[in-house]
Every structure is written in structure tokens, then in C-alpha cells.
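Heads up: the structure comes next, in C-alpha cells.
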Amino acid sequence: MLIRQKPDIPSSEITSESSYLNRRGFIKASGLGLAAVGLAQRGWSAPGDELSFKPVSPSADNPFYTSEDLTPFQDATHYNNFYEFGTDKTDPARYAGSLSTSPWSIAVEGEVAKPGTYHLEDLLKGVDIEERIYRLRCVEAWSMVIPWLGFPLADLIKRFEPTLNARYIEFETLVRPAEMKGQRSRFSTIDWPYREGLRMDEAMHPLTFLSVGAYGKELLGQNGAPIRLIVPWKYGFKSIKSIVKIRFTDQQPQTSWQGIAPNEYGFYANVNPDVDHPRWSQRYERRLPSSLLKPSRIKTQMFNGYADQVASLYKGMNLRRFY
Ligand SMILES: Nc1nc2c(c(=O)[nH]1)N[C@H]1C(S)=C(S)[C@@H](COP(=O)(O)O)O[C@H]1N2
Ligand SMILES: [Mo]
């Protein structure tokens, strides 16, 4: 999957949004975007390495695309939530570099015909990495637009052959206090591992994505290397990072944030401007980068703008009760 970078592009430039877009043009023009070098040859080990991928098709009716401005790489990688590395927005960028992501494996458990522990390289063998430009909105009312790289979660789920009892799917993040500073803190509110879950139909929905990269490169630690979930119509906390376990169950899993404050963070967590968080409104969001002088305040959209695709999943449900 490695694209050898042309030496005439200085690496200092690669991180800016405009050069990312230029490089996309470059990749397309040279045909490199689809030139794959086998993953097995190199493992899946180096956050920040170039990735080859199928670029998103920029058409107005493509749900995997938006024409909104991309969040600059610097903001997307330096304003993060990843409590395993601390609770400050700048902690993940500062401390996630200590996480070693190779080797990496994912345990698959519960209601499936093919449980087991799978090496990430094996899971990714032969997988076509595609690009999707998705909004991600944090429950704290900021949002970003990020060119994620990855593949549909549904493609992976099918390979494990869930049984008819598999009504929900639960995810867990790595526990490794030696490399995750936040897990060593005595003041941590989270009972590790970080846990999240989806209903099976949400998990199988074509928008639901497993990301292994962003901005043309393998994910950086702070964004959830080596593999994290993206559920673009839900508040960001559902999009669990650095996944090491997937469990299929017949019962709705208990999630980390529900455990901390069930009246604030529901299981569904669908973005909904009409349902306030108990401590703040959800009507508006700050699109990063945002500052006091330029707050970039925009209206939050129902289901984060993905209502056409997902509203039918919740037909007949009281979205105030199932928040
Ligand atoms: N394991 C784990 N995953 C996590 C979190 C976390 O603290 N730990 N934070 C969540 C929250 S609240 C948000 S908003 C998104 C942020 O993703 P980003 O930093 O890549 O933008 O990650 C989510 N995934
Ligand atoms: Mo969040």
C-alpha cells in the first residue's frame, strides 16, 4: 500500500490542506492512487506513511463526499479527544506517539461463526482502501471535515459470519497503561477499556466506516491508529479509536459514556439539534478551525446532515427518549 513519495514534494508541504488536494491531483494523474504494494510485505506499522487509495468521487449526490472545506491537517491532528492519552485537546497529539501499533490484532467474539484473534495485516489483505470525506461532530459542539481512508465496516462483519442472535456489536479500545498516559491517571473517570456499540443495522449501514488513514496517510496515533470507527451521523464519542476487540451480542452493550453519565450520553447518540445536552445546546457547532475572532459557528443539522441516508433506521422511535 506504500506510495513512494516523489522527492520533489517537500514533506513540510504535505501536511497542509492545499498541498493535500494538489497531491490528490498528482496521484490521480500518475495513476499511483491504485498502485498497490502488498500490505503483507510491510506490515501495518507506521502511522503517517503514505497510503494508496481510491479517491472519493466529488459529486453532489455522493453521500461519501461533501464540498465543504476540509479541516486543515494541523487542526484535525492537534485538537483531539482520546482520553487514553489525557483529557486535554492537545494531549493526544503530544502523547499518542508512544503507542506502538505493530503488531496489532483484533479479537472477534460472541455471536459469530468465525470467532478468533485476527492480525490486522490479515484482515486488511486484499481490502481496497477508499476515501470518504465525512463530517465528524463532537458532542462538545465542534466539528471537522476529514478525508478518511478505509473501508465499510459491513465488509469486515460479513467475513466473521454473524449468527441470527447478533443484534448488536460492541467495540473495545486497547488497554496499555505503559503507553497510554491517561490510563495511568488516578483521576481518570473512564473504567478502561473504552467501549462503544452499535445496533447491527447501524453497523451494517453503508456510511459506517472503519478508518485506517486520513489525508492520504496512515492514521496518526491521536486519530486512533491503526484502526478506528467512523459513524458520521452520530456524536464523535461513538467513533471509537484503536480497536482491539469486536463482540457480537444479542443485548445492547453498555458503553463507556453511558457508564459515566447515562443522562448525558445515550446509546444512540444521533446528532440532533433539537435535543440539548443537559449542560449545553446542540443547535450550533463550531467548525474547526475556530477562534474568538472567527468562531465559524454554523447550524447543526439533523443526523449531522446524513438524514436522507439514515433517518429510516429510526422510524417510529422517540428520539428524545432514545438520545
Ligand atoms: N478509545 C477512544 N476513542 C474515542 C475517544 C476516546 O477518548 N477514546 N474519544 C471520542 C470522541 S469524544 C471524539 S469527538 C472522537 C474524536 O476523534 P478525532 O480526535 O480523530 O477527531 O473520538 C472518539 N473516539
Ligand atoms: Mo466527542
Side-chain angles (χ1 to χ4, degrees), residues 43-45 47 81-85 92 96 98-125 127 150-163 165-184 188-205 208-213 218-219 221-231 234 236-260 265 267 269:
W44 191 265
S45 56
N81 270 340
F82 199 167
Y83 278 36
E84 283 83 343
F85 296 101
S98 61
L99 180 66
S100 59
T101 54
S102 177
W104 193 271
S105 54
I106 297 181
V108 177
E109 300 178 352
E111 294 290 344
V112 277
K114 295 184 169 166
T117 298
Y118 295 86
H119 292 295
L120 186 58
E121 280 119 280
D122 295 335
L123 290 178
L124 295 176
K125 228 172 256 168
V127 168
F151 54 95
L153 173 62
D155 289 357
L156 192 68
I157 289 178
K158 285 175 198 154
R159 287 161 60 183
F160 304 137
E161 299 177 15
T163 71
N165 293 329
R167 295 183 52 225
Y168 294 90
I169 180 168
E170 184 181 3
F171 302 89
E172 281 182 20
T173 294
L174 181 70
V175 180
R176 194 182 286 161
E179 293 181 8
M180 296 175 125
K181 192 177 180 286
Q183 291 180 338
R184 300 197 295 272
S188 160
T189 47
I190 296 182
D191 170 26
W192 311 109
Y194 190 100
R195 293 186 190 85
E196 260 307 335
L198 296 171
R199 219 168 56 188
M200 231 17 213
D201 58 342
E202 297 176 322
M204 296 298 289
H205 191 278
T208 307
F209 200 56
L210 278 172
S211 169
V212 295
E218 291 188 29
L219 280 182
Q222 57 263 46
N223 293 113
I227 185 163
R228 59 91 56 91
L229 187 67
I230 302 290
V231 197
K234 292 177 181 282
F237 66 86
K238 299 296 287 184
S239 292
I240 184 172
K241 296 176 171 180
S242 306
I243 297 166
V244 292
K245 191 179 281 187
I246 300 179
R247 188 183 298 120
F248 294 81
T249 67
D250 60 351
Q251 277 172 41
Q252 184 176 307
Q254 174 80 33
T255 70
S256 289
W257 286 103
Q258 275 180 300
I260 294 162
Y265 310 99
F267 177 78

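Note that the structure is a prediction, hence the values are computed from the model and not measured.
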For the residue pair Gly221 and Pro47, what are the closest heavy atoms and their distance?
N-CB, 4.4 Å
On a heavy-atom basis, the closest approach of Pro92 and Asn81 is CG-C, 4.4 Å
For the residue pair Ser256 and Pro193, what are the closest heavy atoms and their distance?
OG-O, 3.7 Å
What distance do Gln252 atom CD and Gln258 atom CD have between them, rounded to the nearest 0.5 Å?
6.0 Å
Partners meeting side chain to side chain donor-acceptor pair (under 3.5 Å) with Arg199 (sequence neighbours left out)
Asp201, Tyr268
Is Ile106 close to Ile227 at the side-chain level, that is, under 4.5 Å between some pair of heavy atoms?
yes
Just wondering, do Leu198 and Val231 contact through their side chains at under 4.5 Å, heavy atoms?
yes
Tell me every residue that passes side chain to side chain donor-acceptor pair (under 3.5 Å) with Glu170, counting only those two or more places apart in sequence or in another chain.
Arg247
Salt bridge or not for Lys234 and Glu202, using N-O below 4.0 Å?
yes
For the side chain of Trp192 and the backbone of Thr173, is there at least one donor-acceptor N/O pair under 3.5 Å apart?
no
Between Tyr265 and Phe237, does a ring pair (Phe, Tyr, Trp, His ring centres under 6.0 Å) hold up when you go through it step by step?
CA-CA 9 Å; Tyr265 310 99; Phe237 66 86; 5.4 Å; yes
ring-ring contact (aromatic ring centres under 6.0 Å, His included) involving Phe82 - partner list, sequence neighbours excluded
Phe85
Indicate yes or no: at least one non-hydrogen side-chain atom of Phe160 is less than 4.5 angstrom from one of Phe248.
yes
Of all residues at least two apart in sequence or in a different chain, which pass the side chain to side chain donor-acceptor pair (under 3.5 Å) check with Asp122?
Lys125
Indicate yes or no: at least one non-hydrogen side-chain atom of Ile243 is less than 4.5 angstrom from one of Leu210.
yes
Are Leu229 and Lys238 side-chain neighbours, meaning at least one heavy-atom pair lies under 4.5 Å?
no
When you measure from the side chain of Lys181 to the backbone N and O of Glu84, does any donor-acceptor pair fall under 3.5 Å?
no
To the nearest 0.5 Å, tell me how far Ile246 CD1 sits from Ile169 CD1.
5.5 Å
Between atom CG of Asp155 and atom CZ of Phe209, what is the distance when rounded to the nearest 0.5 Å?
10.0 Å
Could you tell me whether the side chain of Ser100 and the main chain of Ser102 form a donor-acceptor pair under 3.5 Å?
no
Thr101 and Trp104: which non-hydrogen atoms are nearest, and at how many Å?
O-CB, 3.3 Å
Please tell me if the side chains of Pro162 and Glu111 come closer than 4.5 Å, counting only heavy atoms from C-beta onward.
no
Ser239: which residues meet the side chain to side chain donor-acceptor pair (under 3.5 Å) condition with it, sequence neighbours left out?
none
Does the Arg159 side chain pair with the main chain of Lys114, one donor and one acceptor, at a distance under 3.5 Å?
no
Nearest heavy-atom approach of Ser242 to Ala225 is OG-O, 2.7 Å
Who are the salt bridge (charged side-chain N to carboxylate O under 4.0 Å, His left out) partners of Arg176, not counting sequence neighbours?
Glu179
Quick check: do Pro253 and Phe267 have side-chain heavy atoms less than 4.5 Å from each other?
yes
Would you give the length of the straight line joining atom CG of Leu153 to atom CD1 of Ile230, rounded to the nearest 0.5 angstrom?
11.5 Å
Atom pair OG/NZ of Ser105 and Lys245 - distance to nearest 0.5 Å
11.0 Å
Can you tell me how far CD of Glu172 sits from CZ of Arg195, rounded to the nearest 0.5 angstrom?
5.5 Å
I'd like to know whether Gln222 forms a side-chain contact (heavy atoms from CB on, under 4.5 Å) with Lys241, so could you lay out the CA-CA distance, the side-chain angles of the two residues, the decisive distance to 0.1 Å, and finally the verdict.
CA-CA 9 Å; Gln222 57 263 46; Lys241 296 176 171 180; 5.8 Å; no
Sub-3.5 Å donor-acceptor pair from the side chain of Thr163 to the main-chain atoms of Val112, do we have one?
no
Look at the side chain of Gln183 and the backbone N and O of Leu174, then say whether any donor-acceptor pair between them is shorter than 3.5 Å.
yes
